[in-house]
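To start, the structure itself, in structure tokens.
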Amino acid sequence: MKKSVIYPGSFDPLTNGHINIIERAAKCFDEVIIGVAKNSSKDSILDPNERVIILKKIFKNNKKIIVDEFEGLLAQYVNKRKVYTILRGMRTVQDFEYELQMATSNNKLNSKLETIFMVADGNHSHISSSLIKDIIRLGGDASKFIPKIVERELKKKLLKKG
Ligand code: PNS
């Protein structure tokens, strides 16, 4: 039986930290489904279609990695995909409380759903999507933390917005 996992997130924007988790997950599972959340409550910079296009370009050569999007509850999306294992990355102790709350709520909403965690690589544990947006907005160099294509798209949006 194929072992699949869903890696959900806002990916606004995708960072090298996300890529690291996805590539490591692809070594542990037969299939990694990246679920781009469309209804993120955060003020998004890239629209969901743009995020999906970026992810598809980045992972086009890895057949084990599938890029999908979902709207509404993650606990319902897993039913649609018939994949009940969720993967989340854990960077710092600050992530823990939020992740614990989310994993527990998701399991209460759908008892088939299990969340597993992968510890972020030490080279990426300081990166967050909001930090990246700040760096670019304030004219800094974020090229070490994000792929080129993400940097280009963010600069277009954030430097235009002023
Ligand atoms: O990249 P993020 O912002 O940490 O990802 C959070 C995400 C998108 C996984 C989470 O907000 C989510 O699952 N959103 C879908 C709506 C939902 O199910 N909310 C209840 C979670 S208990």
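Every number for a ligand or one of its atoms is a count from 1 in the order of the listing. It should be emphasised that the depicted structure is a prediction, and the values quoted were computed from it without experimental measurement.
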Practice problem: For the pair E99 and R88, find out whether any cationic side-chain nitrogen is under 4.0 Å from an anionic carboxylate oxygen. | Solution: yes
Quiz item: Considering only heavy atoms of S105, which atoms of ligand 1 have at least one such atom less than 4.0 Å away?
Solution: 22 (S)
Exercise. Return the option from G72, G9, A37 holding the heavy atom at the smallest distance from atom 16 (C) of ligand 1.
Key: G72
Quiz item: In ligand 1, which numbered atoms sit nearer than 4.0 Å to a non-hydrogen atom of F70?
Solution: 15 (C)
Quiz item: Does R88 have a non-hydrogen atom less than 4.0 Å from ligand 1?
Solution: yes
Quiz item: Is it true that a side-chain atom of D95 and a backbone atom of R91 form a donor plus acceptor pair closer than 3.5 Å?
Solution: yes
Self-check item: S143 side chain to D141 side chain, donor-acceptor N/O pair below 3.5 angstrom
Solution: yes
Quiz item: When you measure from atom 13 (O) of ligand 1 to each heavy atom in L74, T104, V78, which option holds the nearest one?
Solution: L74
Quiz item: Got a donor-acceptor contact below 3.5 angstrom from the N107 side chain to the L113 backbone?
Solution: yes
Quiz item: In terms of ring plane angle, is the pair F70 and Y77 parallel, tilted or perpendicular, where the classes change at 30° and 60°?
Solution: parallel
Quiz item: Given the rule that I, L, V, M, F, W and Y join up when any side-chain heavy atoms are under 4.5 Å apart, are I58 and I132 in one cluster?
Solution: yes
Exercise. Please state which part of S10 comes within less than 4.0 Å of ligand 1, counting heavy atoms only: side chain, backbone, both or neither.
Key: both
Self-check item: Contact check, S129 vs ligand 1, heavy-atom distance below 4.0 Å
Solution: no
Quiz item: When you check the gap from the basic side-chain N to the acidic O, do R81 and D68 get nearer than 4.0 Å?
Solution: yes
Quiz item: Side chain or backbone of Y98 under 4.0 Å from ligand 1, or both, or neither, by non-hydrogen atoms?
Solution: side chain
Practice problem: Report yes if L73 has an N/O atom closer than 3.5 Å to an N/O atom of ligand 1; otherwise report no. | Solution: no
